[in-house]
2 protein chains.
Amino acid sequence: MTEKRTVCKNDILKQLYFQENLSCVDLSIIIEKSFPLTQKLIEELVADNLVTETGYAVSSGGRRPLTYAIQRNVMYMVAVAMDQFVTKIAVIDMQNHLVSSVTRIFLSLTETRSALQVLIDKIAGAIDTSGIPKEKFIGIGIGMPGFIDVKKGINYSFLSLPDNESITKHMAFQLGLPVFIDNDSSLIALAELRFGAAKGARNAMVINIGWGVGLGLILNGALYRGHEGFAGEFSHIPLFLNGKLCWCGKAGCLETETSLLLIKERAIEGINSGRVSRLNTLSLENHETAYQELIKAVQEGDQFTIELFSKAGYNIGKGVAVLIHLLNPQKIILSGRGSAAGKIWEAPIQQALNEHCIRRLFQNTNIEISDLGLEAQLIGAAALVMENYNEISFLKEETTGFELSQL
Amino acid sequence: MTEKRTVCKNDILKQLYFQENLSCVDLSIIIEKSFPLTQKLIEELVADNLVTETGYAVSSGGRRPLTYAIQRNVMYMVAVAMDQFVTKIAVIDMQNHLVSSVTRIFLSLTETRSALQVLIDKIAGAIDTSGIPKEKFIGIGIGMPGFIDVKKGINYSFLSLPDNESITKHMAFQLGLPVFIDNDSSLIALAELRFGAAKGARNAMVINIGWGVGLGLILNGALYRGHEGFAGEFSHIPLFLNGKLCWCGKAGCLETETSLLLIKERAIEGINSGRVSRLNTLSLENHETAYQELIKAVQEGDQFTIELFSKAGYNIGKGVAVLIHLLNPQKIILSGRGSAAGKIWEAPIQQALNEHCIRRLFQNTNIEISDLGLEAQLIGAAALVMENYNEISFLKEETTGFELSQL
DNA sequence: CAAACTTGTTAAATAATTAAAAAAGTTTTC
DNA sequence: GAAAACTTTTTTAATTATTTAACAAGTTTG
């Protein structure tokens with residue numbers, strides 16, 4: 001007995017995770033069911049203590065609607081955000097709050113076997129120490145850099161197992177929970193779509209300014225991943241005739257002219273050749289402190305650093321011009337760790353658009369700076385689990401105690 | 001009484017237009033309804049003589065399924081395909097066949113008022129002379145170049161009325177039928193998606209090689225139009241540092257290095273400076289004959305012409321490299337009038353991908369030449385009407401004799 | 001040639017929507 | 001400034017739509 005009502009109820013729970021305080025009318029529209037049905041289902045969810053009333057919303061010209069929210073302790077997810085150097089693990093509840101503090105580990109993505117096992121152990125540890133019974137966990141969402149096939153659960157760039165074995169299946173088998181992976185930039189875009197600057201947008205480009213430059217595409221209201229899941233390879237579009245060799249093997253990639261890594265390198269070069277600046281060459285050697293110092297210098301108005309960011313911003317803008325021509329987005333959102341530099345990005349990007357973009361195309365496109373910042377990837381990883389909640393709940397119904405070989 | 005059954009029936013008719021010879025099981029899956037319901041509806045449609053049985057399909061390991069097709073005379077559409085110089089008008093039936101020969105008129109898109117009235121008159125004429133009662137027409141689909149807002153029905157580049165008045169509403173009012181417009185390249189992509197090389201593909205890029213270079217995007221199985229409907233502005237992405245001024249006002253656009261117009265110009269230059277070739281400078285002055293002659297020369301193996309096409313192809317390839325990086329499509333389809341040159345395009349494009357694209361990204365991307373050719377835009381215009389059939393049939397139910405001010 | 005599988009048919013059960021009216025606000029109008 | 005008119009939300013009952021389930025009829029596979 002699959003009971004369609006259960007499917008609908010799960011859909012309501014999912015919607016209430018993505019958006020708090022929805023009214024019954026809102027929900028009936030979102031889940032595309034009639035009002036009486038939706039109301040009955042909500043009633044049952046409230047009776048089961050999965051959902052609570054959260055008071056009356058303001059009227060939109062009629063009776064004030066009762067609003068509902070999902071109980072934060074109904075279920076939990078493990079969110080994992082990886083970059084080349086640091087991996088963050090967190091347990092997150094239904095109101096997107098951290099259950100405990102974030103676990104930080106230093107994992108080298110290139111040493112597959114050992115790194116993967118450490119990751120699995122740490123995730124298991126996080127579940128244990130959370131004190132939450134395992135049945136309350138619905139899944140594990142992981143964001144990492146690389147070429148990732150979301151469906152197959154393979155990362156072709158890092159952590160790839162022999163014989164193209166799926167790392168999601170491998171991990172799910174060991175951890176006893178469904179595992180989902182996606183590209184870091186895609187998850188940042190998902191976070192922006194659901195909880196950030198792209199909320200409600202149907203077409204947005206989320207630029208992940210990090211040590212490289214990533215791109216997550218929101219098209220027709222959903223994350224776009226492409227045929228094999230490799231869409232958004234923004235940093236390697238051949239845009240410059242600078243003859244600079246990129247690590248990808250080609251020359252003139254966008255990444256050879258913009259990225260935090262490049263800014264860092266140019267900063268060191270500049271200082272070594274005598275430029276005055278608040279920056280300190282010594283601390284710039286370390287990635288993490290370099291990042292901190294660069295952002296601080298921008299915020300303090302250091303002219304040399306601002307110059308570096310402006311040049312990088314202009315080059316991002318040249319890439320954005322291509323995006324706007326091809327995809328006519330509603331919004332361009334600057335996210336990822338680089339977004340901490342704030343407004344500084346806007347002018348040079350706008351300048352590049354003025355020069356390289358047809359006016360009609362960009363005049364209605366807004367450029368926004370994300371305020372999700374460093375948390376974006378972690379939130380996106382949690383959202384990834386909930387995106388897949390339909391399938392998860394189906395599996396939970398089907399098999400007692402999870403049939404994990406399926407995942 | 002909206003009768004949901006009618007909505008479903010219309011959906012079935014729509015699906016049978018897009019795909020002949022579907023079985024009841026196929027249809028029940030496509031329209032997402034149960035088999036018994038689908039079967040009952042088909043039964044009724046057959047009884048009403050809107051649909052016919054077309055025999056048994058081959059078995060896939062069980063009982064052989066009965067297949068169905070829509071009757072060609074159930075309803076009709078007017079398809080209009082415009083370019084800068086020539087406008088084609090045709091009446092098309094439910095099996096995508098021309099009811100009579102195509103009407104060709106020479107319309108200058110820049111003279112809005114007069115051109116629009118001529119167009120309206122010619123469409124009315126085509127409906128009249130077809131001998132088909134007007135009630136059997138469900139709508140008019142028009143493809144034209146320019147920046148087009150599909151929803152508002154405005155072409156910002158050509159035929160734009162004062163005060164941003166909608167040309168679809170204007171025409172619908174005068175013609176008494178719903179009118180839909182879209183960008184020429186988008187309609188070519190739609191034709192490829194529904195009846196051509198992109199059939200069944202979820203992610204494909206359709207390149208419209210014409211006097212300019214257009215792009216229609218198929219993303220997640222549907223035509224992607226962007227926030228305002230301007231997506232696919234491929235020919236003006238800033239890809240070259242050639243300093244050449246494009247008519248759009250910018251320099252280095254893709255269009256400055258590839259297009260049939262450019263090939264034509266270079267052909268004339270070459271011949272005037274003494275290159276030997278089968279091409280004849282005189283006839284190259286006229287657009288239409290130039291096109292014919294260039295394609296003929298390629299097919300006959302004229303070395304100089306092939307050289308010109310190869311260079312243009314290589315530059316298209318550079319643009320395609322950008323597309324593949326950003327959107328990871330399953331297929332790249334070369335369509336539009338230029339596709340008549342055939343296989344000649346493949347090698348130089350592949351060459352450009354080898355040089356400018358990350359291997360992992362393009363190794364599973366197929367490049368295909370369309371065989372819809374010159375008919376693509378006309379078929380796409382008809383398909384555009386059927387894409388909107390849901391709304392049309394709803395309107396037909398709602399109002400007796402069409403409430404056209406709505407459109 | 002039996003097992004497995006796909007398609008086709010029918011009747012009974014259930015799920016979901018519609019329609020109509022009540023309740024609770026907001027805005028307009030005199 | 002209060003009643004009328006309009007909106008939106010909530011409630012309930014009646015109707016209709018859709019699915020499920022069980023079985024029959026063809027095909028293929030091993």
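Proteins get letters first, then strands, A, B, ... in listed order; numbering begins at 1 in each.
Rounded to an integer number of Å, the gap from CG of B:L22 to P of C:dT7 is 12 Å. As rounded to whole Å, 12 Å separates atom P of C:dA12 from atom NZ of B:K40. When the C1' atom of C:dT10 is taken as reference, atom CD of B:E43 falls 11 Å away, rounded to whole Å. We find that OH of B:Y56 is positioned 14 Å from P of D:dT28, with the value rounded to whole Å. Rounded to an integer number of Å, the gap from A:L37 CG to C:dA16 P is 5 Å. Distance CZ (B:R5) to P (C:dA16): 18 Å, rounded to an integer number of Å. Following rounding to the nearest Å, A:Q39 (CD) and D:dT11 (C1') show an atom-to-atom distance of 7 Å. For the pair A:F35 CZ and D:dT9 P, the interatomic distance rounds to 8 Å; values are reported in whole Å.
Taking the six-membered ring where the residue is Trp, A:F195 and A:Y17 present perpendicular rings, their angle passing 60° and hence far from 30°.
In this structure a side-chain-to-backbone donor-acceptor pair under 3.5 Å is missing from B:K14 to B:N390. Under a 3.5 Å cut-off, the side chain of B:R72 and the backbone N or O of B:M94 do not form any donor-acceptor pair.
Screening A:I30, A:T67, A:D11, A:V51 for a side-chain contact (heavy atoms from CB on, under 4.5 Å) involving A:L16 leaves a single residue, A:V51.
Distance from the side chain of A:R64 is smallest for C:dG25 among the nucleotides C:dG25, D:dT10, D:dT18. Here the nucleotide nearest the side chain of B:P36, chosen from D:dT19, D:dT10, D:dA25, is D:dT19. If you check D:dT10, D:dT18, C:dT17 against the side chain of A:S34, the one that comes closest is C:dT17.
Between B:S59 and D:dT27, a side-chain N or O to OP1/OP2 separation shorter than 4.0 Å is absent.
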